[in-house]
Amino acid sequence: MEYNADNVFAKILRGEIPCKKIYEDDYALSFYDINPKAKVHALVISKGMYRDYNDFVNHSTDDEIAGYSRAVLKVADLLGLTTSGYRIVFNTGKDSGQEVPHLHAHILG
Ligand code: AMP
């Protein structure tokens, strides 16, 4: 399955749709989920065009994996969650309920 650049997160990356930004670097962009399912609910999307976690780990570079992983932790830290604790969720694959086909971590605190 090919990556489809029509998805809402690709549009946010291109600046076509606004977001409530938390953090951005060369590997990731983070913003608040529009429909929060926890007291704190952030999303961290990859700068690279990957459909999901399987696609990302199978096809990205080690630099991208390291940079993206560090960005996820950076966001948890910025949100003040590293001491209290948080969940990271990657909905992946047809039975996961993934709605947006662009790699994203949910950070739930
Ligand atoms: P998933 O089911 O893992 O694909 O999660 C997609 C998430 O994206 C859901 O939690 C949505 O609430 C969230 N979402 C969809 N559109 C936007 C948007 N424009 N800005 C922020 N979050 C969004």
Side-chain angles (χ1 to χ4, degrees):
M1 198 170 71
E2 291 296 307
Y3 178 84
N4 181 347
D6 282 344
N7 72 78
V8 64
F9 294 168
K11 290 178 182 172
I12 287 174
L13 273 180
R14 293 195 296 266
E16 295 167 11
I17 291 178
C19 69
K20 208 170 154 199
K21 192 194 287 191
I22 300 166
Y23 177 73
E24 181 170 15
D25 64 19
D26 288 348
Y27 299 99
L29 170 67
S30 177
F31 48 87
Y32 287 100
D33 196 293
I34 206 168
N35 181 22
K37 295 172 186 73
K39 191 170 164 192
V40 180
H41 188 171
L43 299 171
V44 186
I45 73 175
S46 57
K47 286 281 177 88
M49 304 288 126
Y50 301 104
R51 293 186 311 276
D52 60 18
Y53 192 75
N54 296 341
D55 187 27
F56 178 59
V57 174
N58 282 327
H59 299 115
S60 60
T61 65
D62 288 355
D63 276 356
E64 287 179 292
I65 291 174
Y68 178 78
S69 300
R70 291 201 173 97
V72 172
L73 180 56
K74 175 79 181 174
V75 171
D77 195 26
L78 288 172
L79 294 172
L81 299 174
T82 46
T83 305
S84 54
Y86 58 96
R87 296 167 58 217
I88 301 172
V89 174
F90 288 94
N91 292 323
T92 307
K94 70 178 177 59
D95 289 341
S96 72
Q98 181 180 1
E99 292 169 11
V100 181
H102 181 111
L103 175 76
H104 56 281
H106 296 256
I107 297 181
L108 301 140

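Note that ligands are numbered from 1 as they come in the structure, with each ligand's atoms numbered from 1 the same way.
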Q) For Leu13 and Ser46, which heavy atoms make the closest approach, and how far apart are they? A) CD1-O, 3.5 Å
Q: For Tyr32, take its heavy atoms, then give the atoms of ligand 1 lying under 4.0 Å from any of them.
A: 21 (C)
(Q) With no hydrogens and no angle check, just 3.5 Å: does a side-chain donor-acceptor pair link Tyr50 and Asp52? (A) no
Q: Determine the interplanar angle of the Phe90 and Tyr68 rings, folded into 0 to 90°, and report it as parallel if under 30°, tilted if 30 to 60°, perpendicular if over 60°.
A: tilted
Q | Closest non-hydrogen atom pair between Asn35 and His41, with its separation | A | O-ND1, 4.1 Å
Q.
I need the atoms of ligand 1 closer than 4.0 Å to a non-hydrogen atom of Gly97, numbered in the order shown.
A. 2 (O)
**Q.** Any N/O pair Asn91/ligand 1 closer than 3.5 Å
**A.** yes
Q | Heavy atom of the protein closest to atom 11 (C) of ligand 1 (residue, atom name, distance) | A | Asp33 OD1, 3.4 Å
Q. Has Phe9 got any heavy atom lying under 4.0 angstrom from an atom of ligand 1?
A. yes
(Q) Please work out, at 4.0 Å between heavy atoms, whether the side chain, the backbone, both, or neither of Val89 comes within that distance of ligand 1. (A) neither
**Q.** Atoms of ligand 1 close to Asn35 [distance to a heavy atom under 4.0 angstrom, numbered from 1]
**A.** 12 (O)
Q: Pull out every atom of ligand 1 sitting under 4.0 Å from any heavy atom of Phe31, numbered as shown with elements.
A: 21 (C)
Q. Nearest protein heavy-atom contact for atom 4 (O) of ligand 1: which residue, which atom, what distance?
A. Glu99 N, 2.7 Å
Q) Rounded to the nearest 0.5 Å, how far does NE2 of His104 lie from CD of Gln98? A) 5.5 Å
Q. Looking at side-chain heavy atoms only, is the closest gap between Val40 and Leu81 below 4.5 Å?
A. yes
Q: Specify the protein heavy atom at minimum distance from atom 19 (N) of ligand 1: its residue, its atom name, and the distance to 0.1 Å.
A: Val8 CG2, 3.8 Å
Q | Salt-bridge criterion met for Arg51 and Glu2 (N-O under 4.0 Å) | A | no
Q) Is there at least one pair of N or O atoms, one from Gln98 and one from ligand 1, spaced under 3.5 Å apart? A) no
Q: Considering only non-hydrogen protein atoms, determine which one is nearest to atom 6 (C) of ligand 1 and report residue, atom name and distance to 0.1 Å.
A: His104 NE2, 3.7 Å
(Q) Is the shortest side-chain heavy-atom distance between His106 and Asp33 below 4.5 Å? (A) yes
(Q) Yes or no: does His106 have any heavy atom under 4.0 Å from an atom of ligand 1? (A) yes
Q: Could you tell me whether Lys20 sits above the aromatic face of Tyr32, with NZ or CZ closer than 6.0 angstrom to the six-membered ring centre and within 45 degrees of the axis?
A: yes
Q: Measure the distance from atom 17 (C) of ligand 1 to every protein heavy atom, then report the residue, atom name and distance (to 0.1 Å) of the closest one.
A: Ile34 CG2, 3.7 Å
